[in-house]
Amino acid sequence: MEDGRAMPSAPPPAASDSSAPRMTDLERLRHSAAHVMATAIAKLWPEAQFAAGPPVAEGFYYDVELTHRVSPTDFERIEAEMKAIVKANQPFERKVVSRAEALALAEKGRLAALAERATPSRYKLDILASIPEGATITLYQNGDFLDLCAGPHVMRTGNVKAFKLTAVASAYYKGDEKNPQLQRIYGTAFPNKTEMEAHFTMLEEAKKRDHRRLGAEMGLFTMDPDYTGPGLPLWLPKGGAILEELEKLAKETEFAAGYVRVKTPHIAREKMFTTSGHLPYYAESMFPPMEIREAEDAAGVSGRYYLKAMNCPHHHRIFAAEPRSYRDLPLRLAEYGCCYRYEQSGELFGLMRVRAMNMNDAHIYCAPEQFAAEFNAVNAMYLKYFKIFGFTKYRMRFSTSAPEGMGKKYVDEPELWKQTEDMVRAVLQASGIDYVEVPNEAAFYGPKIDVQVWSAIGREFTLATNQVDFAVPKRFGLVYRDRDNTDKIPLCIHRAPLGTHERFIGFLIEHFAGNFPLWLAPDQVRVLPVTDAQIDSAKGIVAELRAAQVRAEWEFSNDKLQGRIQRAEAARVHTILVVGAREQEADAVALRIHGKGPQGVKPRAQAIADLLQAIRERRSDEGQFSA
RNA sequence: GCCGAAGUAGCUCAGUGGUAGAGCAACGGUUUCGUAAACCGUGGGUCGCGGGUUCAAUCCCCGCCUUCGGCUCCA
């Protein structure tokens, strides 16, 4: 066999790569596959200008500038060229060069190309310029294809055994829309065909969990772009049930934690958002204003109203509605507020990115000395929720400011920024929560913590957010009278542990693959009489369950019991209660749980008590009916 | 918003320059049934929208809308 035979346990060895970035074996393989693809493209279109071609989570891509529009119909040709290159088994040769040598090659169009060309390798020139002085500059060559590249690579093109081009998309050079648009050609590569096929099978499986698909299948929500508009979901009754359960959870949790509930309108005058400072910063993310002529007053105050994109300004006005004393603090105002954001059309994505959203919002106004305790309590609430839902893969992202953004991206209060960030960092460290700090990502009014989660199908989302605001209360002139009889400005914590209904439920659908635990399941119980002689018994059980607020229904149809069970299972009904002559006789029910099969017969009263208990505890499905 | 792709019945998808097809779902009937599909029948489509080419367009061409895959931002 060839050297460096690609095996999962014995991956291809790297070409010499002491100065190269660290890559896993799979990443290295994929990075080499990207070079093989670039070689093929350069062969087909010698004028191609390549930018960057890294490995990514699912495979690799290479950005290329090319007048020919690459479409999936070209993939076959490109793959055929790639196969030839793999078959040729060209070695990947690493060359350390001086900056001058690299520049000379780039000027002659020789980089990321098979030969010298009339036009310089312009993106490679730009990348070259960004390599710091003194760093090692390396080239990699396979066959005639010579590329500026930090590496590392596998030994030979023959190591790239299983690959496939998957998509083409556009991407701005370096992700900046002021830069030229490049064609990004995606592919994936694996050590062998079997693993690659497993990958595509897994993608097929993941598709079945997709919240858009399950949402339609299960009747949870619908999109009606022609009538309601893009990004404006309609919640169907079964989705509404989930939404109600989440609100109930939030309301109970917040009530216990000392929050008070408020309710605010969906719109506000322009003054609200110019005062908050959102308007100049945030205008393009808001729906255009409504002009109401009568509202324009003599003093020339604008008659414009905006749909709110956030709830905080309204809550600030509630704080301002009466004089506040230090005795009133912390004041925790909670609301399931509906906000509207004009997301760009290309950004809309099922329930995960919408234009109208119901936010599990609250604003905590507190004195600086109360901050640590409040902030800790908020974090504890996050963790409590994650435990209920069984989220294990999450990360807190602590976003802080950067000096260069002061007065532009961030309110110009460098001292306050530092104080607050130190305070948040201290709390995070003391609480032992796992977090990463990301500079220059803060909100304009203060540092924030985003909770990122990964769905079962591998999508990453910011699910919840927790922000500190030391600026906007001041802009609204919010004060409380302190012990020393002076007015002080409160700190404000914005928090939304359950994010928005839309994204949270979208995430839950994928997390549970539609198989919700009993307390969340839209169809909690379905009672199936074996024959029509048990219909009255079934109705009685349903009435008893519904009186106890359980979502229960009964079904009798022309289908045999087996068929009705099949349909209930397909509909992901959580608990099926079968009542036949035997059960009727014994005042019992035969229990079946979705995905778990029959669970035996139980006295009716016992079964109902168990169901109520599981719902009340919001029990996850493990051990639901373990007894 | 930009680049690319897609849009046929409620859902999943076939298909053709000449009257539009299947499975599931729905509806009607027969069946009274024991834990993942009993049987028979019926209805259902402006083939995303608008324009063009053509004797004829769901199919070919152009524009638009929407959705999807990305870029960027974010709950």
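Because only heavy atoms are used, hydrogens play no part in the values below, and waters and symmetry mates are left out as well, while side chains stay in. By convention in this document, chain letters (A, B, ...) are assigned in the order of the sequence lines, proteins followed by strands, and residues within each chain are numbered from 1.
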(request) Describe, in one word, how the ring planes of A/Phe389 and A/Phe391 are oriented to each other, choosing from parallel (under 30°), tilted (30 to 60°) and perpendicular (over 60°). (result)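 The arrangement is parallel - the two ring planes meet at less than 30°.
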So for [X] and [N], does any side-chain atom that can act as donor or acceptor lie under 3.5 Å from a complementary atom in the base?
X	N	value
A/Gln467	B/A75	no
A/Arg564	B/C33	no
A/Glu583	B/G34	yes

Would you classify [X] as touching base, sugar-phosphate or nothing, given that sugar-phosphate means primed atoms plus P, OP1 and OP2, and contacts are heavy atoms under 4.0 Å?
X	result
A/Thr500	base
A/Asn360	nothing
A/Tyr186	sugar-phosphate
A/Leu182	nothing
A/Thr462	sugar-phosphate
A/Gly563	sugar-phosphate
A/Gly337	nothing
A/Arg503	base

(message) Applying salt bridge (Lys or Arg N to Asp or Glu O under 4.0 Å) to A/Asp63 and A/Arg184, what does each step give before you reach the verdict?
(response) CA-CA 4 Å; A/Asp63 282 344; A/Arg184 177 167 293 180; 2.7 Å; yes
Quick check on [N]: is either OP1 or OP2 less than 4.0 Å from any side-chain nitrogen or oxygen of [X]?
X	N	value
A/Gln534	B/C33	no
A/Gln562	B/A38	yes
A/Arg341	B/C74	no

(message) Heavy atoms within less than 4.0 Å of RNA chain B: which residues of residues 566-573 of chain A have one? Give them sorted by number.
(response)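 Only A/Gln566, A/Arg567, A/Glu569 qualify.
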(request) Could you check which residues of residues 220-230 of chain A get a heavy atom under 4.0 Å from RNA chain B? Sort them by number, please. (result)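 Those residues are A/Pro225, A/Pro230.
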